[in-house]
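Note on naming: letters A, B, ... go to the chains in the order of the sequence lines (proteins, then strands), and numbering restarts at 1 for each one.
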Number of protein chains: 2
Amino acid sequence: MHYMKIEDEIKQPVFQSDYQKGYINLVYTAGWLQQQQQAAFREFDITLPQFNILRILRGQHPKPATVNLLIERMLDKTSNASRIVDKLEAKSLVTRTVCPSNRRAVDIRITDAGLDLLQRMDEGVMKRENGLQNLTAEEAVQLNTLLDKIRD
Amino acid sequence: MHYMKIEDEIKQPVFQSDYQKGYINLVYTAGWLQQQQQAAFREFDITLPQFNILRILRGQHPKPATVNLLIERMLDKTSNASRIVDKLEAKSLVTRTVCPSNRRAVDIRITDAGLDLLQRMDEGVMKRENGLQNLTAEEAVQLNTLLDKIRD
DNA sequence: TGCAAATATATGTACATACATTTAATGTCG
DNA sequence: CGACATTAAATGTATGTACATATATTTGCA
């Protein structure tokens, strides 16, 4: 909604270095992309973390997933997959049953309603998720290389 | 604390394209960097958004800032600068006084304690903020170019 | 076997975000 | 001047994150 050029929007016009600028630019751009997605999600009454968990569950379907598995695969690590699953369960998009072979664990499964929702969302989301449309294929590779290097 | 290579950590081993991979990589790396900072902030009993607002206030000092100005300059836009200022005020790091020339607005100023805190943090934070240490100068420029292009 | 450590999940608290609404002060225009 | 829109900030509610702790089950090993 009020995203513009990095230099204009963050009105600290002078960056101390390309490193600092890169840092801010990175955080800012990631937020920008996420917000794009979030806006698209509103009409489906679902949040980004909820969507991400639903997709993991679809990947497992018809096998169940445990909370642990969700945490492992989530982008934004957190110990609170539990509470996100709460919300999904309240909307009948997933079910929770005690795992028979390990009663500490909980089997979480996506419901038909959940699968339906994802299917309805697929098309629009794919488009968003690419989201890096302005880059050429070569630039996308370059970006990945740089990002991996940052975290080395 | 459990960040690794993007392909390993996100155990969806196959990305559909470098675009999708780039998207995920971008969000993931930004989170990684932010978490690095957050960890450094803990010993100072301050959060990242609180720190960012303090720095904007230092930039204005000794002039006051209004909530509106804070919102304009914040990285993560939000309408809740108000509540972040609440926390800073509770810690006596900022003061809030009604703006004399426009009694709807509030003049927010960083206190000496706030300036002290920032000064103590400066050194360590600078190092973190670079954070892109693994990149060469040229690569940092490249990164900025790519990110700007994404948001075009 | 039995008890301590490890595991799987859930819960509590503080903070932040997103969005809508409220309250107060100021502007505007008939 | 006075009704009404606009602006500035604060508040309410739902959600999510970060971190610590609690609870239940299972495992390992003396």
Reported [atom1]-to-[atom2] distance for the pair [X] and [Y], which is rounded to 0.5 angstrom:
X: Tyr28(A); Y: Leu147(B); atom1: OH; atom2: CG; answer: 12.0 Å
X: Asn25(B); Y: Leu143(A); atom1: CG; atom2: CG; answer: 7.0 Å
X: Asp148(B); Y: Arg151(B); atom1: CG; atom2: CZ; answer: 5.0 Å

If only atom types and distance count, is the side chain of [X] paired as donor or acceptor with the main-chain N or O of [Y] below 3.5 Å?
X: Asn80(B); Y: Ser82(B); result: no
X: Glu139(B); Y: Thr136(B); result: yes
X: Thr66(A); Y: Val106(A); result: no

Counting just side-chain N and O atoms, does [X] come under 4.0 Å of either OP1 or OP2 of [N]?
X: Thr47(A); N: dG16(D); value: yes
X: Gln38(A); N: dT17(C); value: no
X: Arg42(A); N: dA18(C); value: no
X: Gln34(A); N: dT17(C); value: no

Would you kindly give the [atom1]-to-[atom2] distance between [X] and [N], to the nearest whole Å?
X: Asn80(A); N: dT21(D); atom1: CG; atom2: P; result: 16 Å
X: Asn52(A); N: dT15(D); atom1: CG; atom2: C1'; result: 15 Å
X: Ile71(A); N: dA18(D); atom1: CD1; atom2: P; result: 12 Å
X: Phe51(A); N: dT15(D); atom1: CZ; atom2: C1'; result: 18 Å
X: Phe41(B); N: dA14(C); atom1: CZ; atom2: C1'; result: 18 Å
X: Ile53(B); N: dA16(C); atom1: CD1; atom2: C1'; result: 11 Å
X: Asp86(B); N: dA14(C); atom1: CG; atom2: C1'; result: 14 Å
X: Gln50(B); N: dC15(C); atom1: CD; atom2: C1'; result: 8 Å

Atom pairs under 3.5 Å: protein N/O with N/O of nucleotides 1-8 of chain D:
residue, atom, partner, partner atom, Å
dT7(D), O2, Arg104(B), NH1, 3.1
dA8(D), OP2, Asn68(B), ND2, 2.9

Is any side-chain heavy atom of Lys149(A) less than 4.5 Å from a side-chain heavy atom of Leu146(A)?
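Not touching, per the 4.5 Å side-chain cut-off.
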On DNA chain C, compare the nucleotides closest to Arg83(B) and Ile108(A); which residue's is nearer the 5' end?
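Checking each residue's closest nucleotide, the 5'-ward one belongs to Ile108(A).
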Using distance only, find each side-chain donor-acceptor pair of residues 39-49 of chain B under 3.5 Å and give its atom names and separation, not counting sequence neighbours.
residue, atom, partner, partner atom, Å
Thr47(B), OG1, Gln50(B), N, 3.4

Strictly below 4.0 Å, heavy-atom distances to any atom of DNA chain C: list the hits from residues 87-96 of chain A, or just say none.
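Those residues are Arg96(A).
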Verify the cluster assignment for Val141(B) and Leu135(A): are they in a single hydrophobic cluster under the rule of side-chain heavy atoms below 4.5 Å apart?
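No, Val141(B) and Leu135(A) fall in different hydrophobic clusters.
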How do Arg103(A) and Leu48(A) order along DNA chain D: which one's closest nucleotide is nearer the 5' end?
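Nearest nucleotide further toward 5': that of Leu48(A).
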